[in-house]
Peer 1: 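This is the structure, below, for whatever I ask next.
Nothing here was measured: the structure is a model prediction, and the numbers come from that model. Counting starts at 1 for both ligands and their atoms, following the listed order. Residues: numbered from 1 along the sequence shown.
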Amino acid sequence: MYMNVKYYPSEIQRFCCEVLEGAGVRRSDAEIVARNLTAADRRGIESHGIMRLPSYVARLEAGVMEKETVTRVVRETRAIAVVDAANGLGAVASTFAMKLALRKSEECGVGIVGVKSSNHYGIAGFYAMMALSRDMIGLSFTNAVPAMAPWGGRAAYIGTNPICVAIPAGVERPIVYDGATSVVAKGKIMLAQKKRVPIPPTWAADGWGRPTTDPDVALSDGVLLPFGGYKGSGIALALDVLCGVLPGGAFGFGVAAIAALDRSTEVGHLFAALDIAAFSPVGEFKEKVDRMIREVRATPPAEGIERIYVPGEIEFEKEVESDTNGIAISQAVLDELHGCASKYGVELMKPVSGSRA
Ligand SMILES: NC(=O)c1ccc[n+]([C@@H]2O[C@H](COP(=O)([O-])OP(=O)(O)OC[C@H]3O[C@@H](n4cnc5c(N)ncnc54)[C@H](O)[C@@H]3O)[C@@H](O)[C@H]2O)c1
């Protein structure tokens with residue numbers, strides 16, 4: 001039986017930061033990675049939150065991910081750049097790259113930055129949402145270790161390569177579509193494996209391409225299934241080109257798993273910022289997005305559905321709930337985190353009082 005003890009985001013941030021510093025990451029970089037992991041947990045994306053910390057620490061300890069992230073711009077035009085992350089921390093290199101895309105967009109109306117030789121960057125939305133406060137649309141994509149078969153196949157070649165598009169609104173909350181190209185992110189299957197619970201048969205297939213409910217099978221010789229059949233498979237492949245081939249980095253079998261402690265992961269990303277003002281008056285744009293959001297919400301719900309959500313809405317509501325009541329972390333994840341804490345002498349996270357009940 002797994003209890004869910006709750007923690008405030010500030011405790012998750014503090015703990016992640018101190019553990020990463022313990023593993024040799026400089027303070028300013030540790031803070032960025034900690035912010036990324038905390039943002040995922042705050043948004044209810046448990047699969048990409050603090051649960052990932054032990055895997056990052058394992059890579060740093062094994063010497064297959066650099067403790068110091070040295071980003072270098074290797075190609076550049078006014079609107080475009082390619083960044084070599086030199087096997088540094090994904091969140092640090094990606095924050096650098098998205099900031100560069102935003103600067104370029106201010107000057108050119110659009111900024112596009114590819115990153116090669118990086119590592120797992122967490123939730124795609126963390127970077128795309130950096131565009132919102134500047135009245136820009138943010139796009140964020142990454143490739144990942146092969147986990148899905150090309151459509152019709154039964155062996156992994158394509159990653160669960162996610163897409164995030166973040167769109168500012170006026171008085172409404174922004175539209176933030178952020179999702180994997182698999183039915184669900186691989187981290188959700190990893191979480192089911194940690195919790196020892198079955199997965200729905202629509203998430204993954206076994207080594208013969210038959211539906212499986214066993215997370216161990218899905219993550220060993222099985223494959224994850226793409227969303228929307230051949231369409232998700234096709235989009236995931238296109239993203240591998242944008243994030244891998246285009247910036248001159250790794251793609252397909254060239255991308256390694258986070259758990260592979262004998263080599264660098266060679267993950268690639270692509271970030272874009274579109275300056276709304278370069279396309280149309282910002283006020284007009286935001287009014288239209290507000291109207292769109294309200295029209296979407298007003299759609300008559302199908303039978304059995306209580307409410308229509310706009311992409312990102314569930315996560316924004318979860319942020320409010322997380323800040324008020326704390327974030328539940330399963331005992332399976334806590335057990336691994338305790339190992340990190342004792343290794344570096346970091347004080348354990350203080351639970352929200354009363355949340356142990
Ligand atoms: N770094 C990586 O390698 C990697 C790989 C895959 C996924 N991810 C991340 O994993 C996270 C989770 O991905 P996921 O595919 O499991 O997400 P998900 O399926 O939970 O959500 C995907 C999107 O659908 C929206 N949504 C969910 N339910 C909805 C509803 N009822 N109505 C309207 N919209 C709804 C959400 O707001 C979200 O924008 C994402 O943040 C993604 O970036 C990272």
Peer 1: Does an N or O from Ile314, backbone or side chain, lie closer than 3.5 Å to an N or O of ligand 1?
Peer 2: no
Peer 1: Which atoms of ligand 1 have any heavy atom of Glu315 under 4.0 Å away?
Peer 2: 36 (C), 37 (O), 38 (C)
Peer 1: Among all protein heavy atoms, pick out the one at the shortest distance from atom 24 (O) of ligand 1; state its residue, atom name and that distance to 0.1 Å.
Peer 2: Tyr177 CE1, 3.8 Å
Peer 1: Please list, in number order, the atoms of ligand 1 under 4.0 Å from a heavy atom of Ala124.
Peer 2: 43 (O)
Peer 1: Is the NZ or CZ atom of Arg297 positioned over Tyr309's six-membered ring, under 6.0 angstrom from the centre and within 45° of the axis?
Peer 2: no
Peer 1: Considering heavy atoms of the protein only, find what lies nearest to atom 22 (C) of ligand 1 and give residue, atom and distance to 0.1 Å.
Peer 2: Asp178 O, 3.2 Å
Peer 1: So is Ser47 touching ligand 1 or not, going by heavy atoms under 4.0 Å?
Peer 2: no
Peer 1: Number the atoms of ligand 1 from 1 as they appear, then name those within less than 4.0 Å of a heavy atom of Lys188, with their elements.
Peer 2: 14 (P), 16 (O), 17 (O), 18 (P), 20 (O)
Peer 1: Does an N or O anywhere in Val183 fall below 3.5 Å from an N or O of ligand 1?
Peer 2: no
Peer 1: Which residue holds the protein heavy atom closest to atom 33 (C) of ligand 1, what is that atom called, and what is the gap in Å?
Peer 2: Tyr309 O, 3.4 Å
Peer 1: Below 3.5 angstrom, do we get any N/O pair linking Ala144 and ligand 1?
Peer 2: no
Peer 1: If the cut-off is 4.0 Å to any non-hydrogen atom of Tyr121, which atoms of ligand 1 fall inside it?
Peer 2: 1 (N)
Peer 1: Kindly determine whether Arg307 and Glu317 satisfy salt bridge (charged side-chain N to carboxylate O under 4.0 Å, His left out), including the steps that lead there.
Peer 2: CA-CA 14 Å; Arg307 180 176 158 191; Glu317 289 186 6; 2.5 Å; yes
Peer 1: Would Ser182 count as a polar contact of ligand 1, with the cut-off being nitrogen or oxygen pairs under 3.5 Å?
Peer 2: no
Peer 1: Per the side-chain contact (heavy atoms from CB on, under 4.5 Å) rule, which among Val83, Leu270, Thr142 passes with Val115?
Peer 2: Val83
Peer 1: I'd like to check whether Gly125 has a polar contact with ligand 1, where a contact means an N/O of the residue lying under 3.5 Å from an N/O of the ligand.
Peer 2: no
Peer 1: Got an N/O contact under 3.5 Å between Pro311 and ligand 1?
Peer 2: no
Peer 1: Counting both backbone and side chain atoms, is some N or O of Asn143 under 3.5 Å from an N or O of ligand 1?
Peer 2: no
Peer 1: Quick one: sort the Tyr127 and Phe271 rings into parallel, tilted or perpendicular, breaks at 30° and 60°.
Peer 2: perpendicular
Peer 1: Show the numbers, then the answer: is there a side chain to side chain contact (heavy atoms under 4.5 Å, CB included) between Asp29 and Arg26?
Peer 2: CA-CA 6 Å; Asp29 288 355; Arg26 68 168 167 238; 3.3 Å; yes
Peer 1: Do Thr38 and Pro9 have side chains that get closer than 4.5 Å, going by heavy atoms?
Peer 2: yes
Peer 1: Does ligand 1 come near enough to Val176 that some N or O of the ligand is less than 3.5 Å from an N or O of the residue?
Peer 2: yes
Peer 1: Show which atoms of ligand 1 fall inside a sub-4.0 Å distance from at least one heavy-atom site of Ile45.
Peer 2: 11 (C), 12 (C), 41 (O)
Peer 1: Could you find the nearest protein heavy atom to atom 44 (C) of ligand 1 and give me its residue, atom name and distance?
Peer 2: His48 NE2, 3.1 Å
Peer 1: Please assess Lys194 against Val333 for the test side chain to side chain contact (heavy atoms under 4.5 Å, CB included), listing each intermediate value before the final yes or no.
Peer 2: CA-CA 8 Å; Lys194 281 189 205 302; Val333 172; 4.2 Å; yes
Peer 1: Give the atoms of ligand 1, by number and element, whose distance to some non-hydrogen atom of Ile123 is under 4.0 Å.
Peer 2: 41 (O), 43 (O)
Peer 1: Is the closest protein non-hydrogen atom to atom 26 (N) of ligand 1 under 4.0 Å?
Peer 2: no
Peer 1: Please identify which atoms of ligand 1 are closer than 4.0 Å to at least one heavy atom of Gly122.
Peer 2: 1 (N), 2 (C), 44 (C)
Peer 1: Could you tell me, atom by atom, which parts of ligand 1 come under 4.0 Å of a heavy atom of Gly312?
Peer 2: 37 (O), 39 (O)
Peer 1: Step by step, would you call Asn87 with Asn119 a side-chain hydrogen bond (donor to acceptor under 3.5 Å, both in side chains)?
Peer 2: CA-CA 6 Å; Asn87 196 26; Asn119 278 288; 2.9 Å; yes
